[in-house]
Amino acid sequence: MQVEKMEKTVTETVQKLEKLKLGDSLAAELSWCWFSYKNDQNPVGLVEKSEKALELFKAVREKNSRAVSKKLVEDLEKVLVLN
């Protein structure tokens, strides 16, 4: 997995979740999972929370395609495939 790409994508995802006020505490959980992954290299939680964020982003894009960029959705999908 490309850690730099993953870090960039996770950071953007957390920022977008916070900006749109989506997923209650999902942004905090995803951020925590990222730091946990950096310490133990176990991607289970990170993948789980990223998948939830991806589902939310897709739902938001159906209602308003400008709310979440297509690139962010694609980057998140690519990161998930790498796991």
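For Glu48, the side chain to side chain contact (heavy atoms under 4.5 Å, CB included) test picks out Lys52, with sequence neighbours left out. Residues satisfying the side chain to side chain contact (heavy atoms under 4.5 Å, CB included) test with Leu30, not counting sequence neighbours, are Val10, Thr13, Val14, Leu17, Leu46, Lys49, Ser50.
When the side chains of ILVMFWY residues are joined at heavy-atom separations under 4.5 Å, either directly or via intervening members, Val44 and Val3 end up in two distinct hydrophobic clusters.
For the pair Glu51/Glu77, no side-chain contact is recorded, criterion being any heavy-atom separation below 4.5 Å from C-beta on.
Considering all non-hydrogen atoms of both residues, Ala67 and Val60 come closest at CB-CG1, 3.4 Å.
Here salt bridge (Lys or Arg N to Asp or Glu O under 4.0 Å) pairs that include residues 10-27, with residues two or more places apart or in two chains, are Lys8-Glu12.
Here the CD-NZ distance, from Glu74 to Lys71, works out to 8.5 Å after rounding to the nearest 0.5 Å. With values rounded to the nearest 0.5 angstrom, Asn42 atom CG is found 5.0 Å from Asp40 atom CG. Expressed to the nearest 0.5 Å, how far CZ of Arg61 lies from CG of Leu72 amounts to 9.5 Å. The distance from atom CG of Leu80 to atom CG of Asp75, rounded to the nearest 0.5 Å, is 11.0 Å.
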Check: Stepwise, does the side-chain contact (heavy atoms from CB on, under 4.5 Å) test hold for Lys78 with Met6?
Finding: CA-CA 9 Å; Lys78 287 177 190 174; Met6 180 71 162; over 6 Å; no

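Without hydrogens or angle criteria, Thr9 side chain to Lys5 main chain gives a donor-acceptor distance under 3.5 Å.
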